[in-house]
Structures are given as C-alpha cells and as structure tokens.
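By convention here, the first residue in the shown sequence is residue 1. All of these numbers come straight from a predicted model, not from anything done at the bench. No hydrogens, no waters, no symmetry mates; every other heavy atom, side chains included, goes into these values.
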Amino acid sequence: MLLDDTPTMLGEKLALSNINSLRSYEVVDQVKEALEKDCPGVVSCADIIIMASRDAVSLTGGPEWEVRLGRLDSLSANQEDSNNIMPSPRANASSLIDLFQKYNLTVKDLVALSGSHSIGQGRCFSVMFRLYNQSGTGRPDPAIDPSYRQYLNRLCPLDVDQNVTGNLDSTPLVFDNQYFKDLAARRGFLNSDQTLFTFPHTREFVRLFSRRKTEFFKAFVEGMLKMGDLQSGRPGEVRTNCRLVNARPINLLLQSPHNMESNDK
C-alpha cells in the first residue's frame, strides 16, 4: 500500500478503494525517518501502520490493546490484487462474509471491524449509485431513511465533484458505537455498511453492538488482532523508506524467492 509506482510496478495507491481516499503518506514518512535515526532497520512500515491504527482508535475514545509486532514489509505491490481484496462500498453482506471467510475472519469479526467506520469520511463517489440508481433501477436505495437521503442528496447532487466527502457516522471524530445505532436507524453512509443491518446473518451483531459499546470494543480488538496476524507467505523486509524497497546487492537479486524468504526471516 505504501509503495510508490515504479517503471516496472503499478502500486496500490491508485487502486479503486484507495484513490483520492488514502492520504497523509507523509506522516508515515516522518515516523519512519525518526525511527531510522534511533533504531535503524528494526521497525517495519507495516508495524508503523498497525500501531498508528491502534493509537488513532485510542485517541478518539476507543479501546486500547497491545499490538503484536514483528511484521515484514512486502517487496512488491499489485494494484489488481488490491482491487480484488479490498471490500467495495457497493458490496452486500453476503459477499463481505465470503471475502472475510477467505481469511478465517468470522461474521462477528466482519461486523466489528466494519465499526472502524465509527471515525472518518467517505466520498460521494461511493454513494452516488445508492442515491440515484440502486441495483440499476434508476431509483434510490429504499433502505435509506428518507430524511437521511435528503441530506445525502444535498451533499452529493448528480453534478457534484465526487471527491466531496461525508461523515461515515454522526460522530465522525469519536470512536464509539454510534455507527451501529445509525445502521439500525437506516442512516448508514455506504451500501456495504447498511447491508450489515438489512442482512439477517449480520443484523444480530449490529443490534448487539448498538446496545452494548463494551461488546463492540471487545470484538473490535479481537478482530484487529486476528487481522493483524494475517500473513501473505511472501518474502519481506524492514524497509528503510516506506515508499520503496531496499536496494539489494546483485547476488540477492539473482536468488530465488524461496531463498530470499529464508534470508529475510
């Protein structure tokens, strides 16, 4: 995700879920530069990201947890893989369940991790079809609360710059369980959010988390730890610069991926 494009590699910053959405890469650069001065070659960019995620949650009122460290940074990026793996804002709950199950993440994990949308914003690009052409009908999504739809129509009219952003829940600067209360009130910003309440298999967890914030926080931490333990099985390294892979002597460049993985470990 952090790798810049190269003449031989199309990175993931312009993948469908990331373009005009992910930002502030320079903050990661600053953190990495400071770490390299004090403990060069020790803390990976991947660990920086997951620790920053934990801190963002904690600083906005969410739970704290001990992050398990020791990740390696990838040696390449793949925009096509990113497009296939990242959940689409158009997704329904059934497809999200199937996607998460591929990584041994449960329905409860899916709903709890979706609660990361307790903070932040989404683009009009991600909601236009819900407002004007849900499922190709030429009509709005009937699952949207009428008053909330009026708000979204004002935020995202047909001629809007689709990079205009709206809040993902009604308390976007506070990590709480308001996101789930909004879903229960049919005021979810993204289709992939609202479908968690309209779909029976996920609705029970939305209701639970909307009523009991402590249950949400507990399930969120469990999901983050499980997701943070996922491994690609590919070679890795601790990058010196998060935007590009480390330079390698020619003898390492000629090694097979299997041997490189052994050396990186």
Side-chain angles (χ1 to χ4, degrees), residues 1 17-18 21-22 46-47 49-69 71 82 84-122 126-127 143 148 166-232:
M1 180 183 72
S17 295
N18 298 336
S21 178
L22 282 182
D47 276 347
I49 288 291
I50 203 158
M51 285 188 285
S53 301
R54 185 270 315 275
D55 292 347
V57 169
S58 176
L59 289 169
T60 52
E64 298 182 9
W65 66 95
E66 185 175 348
V67 173
R68 293 194 281 260
L69 302 175
R71 293 161 191 79
S82 180
N84 290 334
I85 292 172
M86 289 296 293
S88 166
R90 295 174 178 251
N92 59 37
S94 181
S95 65
L96 290 172
I97 290 171
D98 291 343
L99 175 62
F100 275 61
Q101 283 181 340
K102 290 180 181 178
Y103 302 97
N104 295 317
L105 295 169
T106 66
V107 174
K108 185 178 183 180
D109 294 329
L110 161 63
V111 180
L113 290 170
S114 296
S116 63
H117 288 175
S118 173
I119 52 178
Q121 297 184 317
S126 299
V127 77
Y148 185 59
N167 297 331
L168 290 173
D169 83 349
S170 52
T171 56
L173 300 179
V174 181
F175 194 96
D176 54 17
N177 64 336
Q178 185 62 44
Y179 165 82
F180 298 105
K181 295 178 182 179
D182 287 349
L183 297 188
R186 299 190 297 149
R187 298 174 69 86
F189 186 82
L190 301 176
N191 189 79
S192 56
D193 290 332
Q194 192 60 58
T195 187
L196 299 177
F197 187 73
T198 57
F199 195 68
H201 289 75
T202 48
R203 184 185 301 141
E204 62 178 296
F205 291 114
V206 173
R207 284 179 169 157
L208 171 64
F209 296 153
S210 71
R211 294 167 182 160
R212 300 181 63 182
K213 184 171 72 172
T214 55
E215 289 294 323
F216 164 47
F217 281 9
K218 178 182 176 183
F220 182 80
V221 169
E222 291 173 353
M224 286 294 286
L225 289 172
K226 288 170 69 174
M227 189 168 62
D229 284 342
L230 294 176
Q231 299 288 330
S232 70

Salt bridge (charged side-chain N to carboxylate O under 4.0 Å, His left out) with R68: which residues, sequence neighbours excluded?
->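 Testing R68 for salt bridge (charged side-chain N to carboxylate O under 4.0 Å, His left out), a comparison that skips the adjacent residues, returns D229.
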Tell me, please, which residues at least two apart from K226 pass salt bridge (charged side-chain N to carboxylate O under 4.0 Å, His left out).
-> D109
Spell out, as yes or no, whether a donor-acceptor pair under 3.5 Å connects the side chain of [X] to the backbone of [Y].
{"X": "Q194", "Y": "L183", "answer": "yes"}
{"X": "S21", "Y": "G122", "answer": "no"}
{"X": "S210", "Y": "F180", "answer": "no"}
{"X": "N18", "Y": "M1", "answer": "no"}
{"X": "E64", "Y": "S58", "answer": "no"}
{"X": "R54", "Y": "M224", "answer": "no"}

How close do [X] and [Y] get, heavy atom to heavy atom, and via which atoms?
{"X": "F217", "Y": "G62", "answer": "CZ-CA, 3.8 Å"}
{"X": "I119", "Y": "L168", "answer": "O-CD1, 4.0 Å"}
{"X": "R90", "Y": "N191", "answer": "O-ND2, 3.2 Å"}
{"X": "F197", "Y": "R203", "answer": "O-NE, 2.7 Å"}
{"X": "F100", "Y": "P87", "answer": "CE1-CG, 4.3 Å"}

Once you round to the nearest 0.5 Å, how far does [atom1] of [X] lie from [atom2] of [Y]?
{"X": "K213", "Y": "F175", "atom1": "NZ", "atom2": "CZ", "answer": "10.5 Å"}
{"X": "D182", "Y": "D169", "atom1": "CG", "atom2": "CG", "answer": "5.5 Å"}
{"X": "T106", "Y": "L113", "atom1": "OG1", "atom2": "CG", "answer": "8.5 Å"}
{"X": "L105", "Y": "L230", "atom1": "CG", "atom2": "CG", "answer": "5.5 Å"}
{"X": "L196", "Y": "I97", "atom1": "CG", "atom2": "CD1", "answer": "8.5 Å"}
{"X": "F209", "Y": "K108", "atom1": "CZ", "atom2": "NZ", "answer": "5.5 Å"}

Of all residues at least two apart in sequence or in a different chain, which pass the side chain to side chain donor-acceptor pair (under 3.5 Å) check with [X]?
{"X": "T195", "value": "none"}
{"X": "S95", "value": "N92"}
{"X": "N177", "value": "none"}

Intermediate values then yes/no, side-chain contact (heavy atoms from CB on, under 4.5 Å), F220 and V57 | CA-CA 10 Å; F220 182 80; V57 169; 4.0 Å; yes
Taking ring-ring contact (aromatic ring centres under 6.0 Å, His included) as the test, write out the residues that go with F205, two or more places apart.
-> none
Mind checking whether Y179 and H117 have parallel, tilted or perpendicular rings, split at 30° and 60°?
-> perpendicular
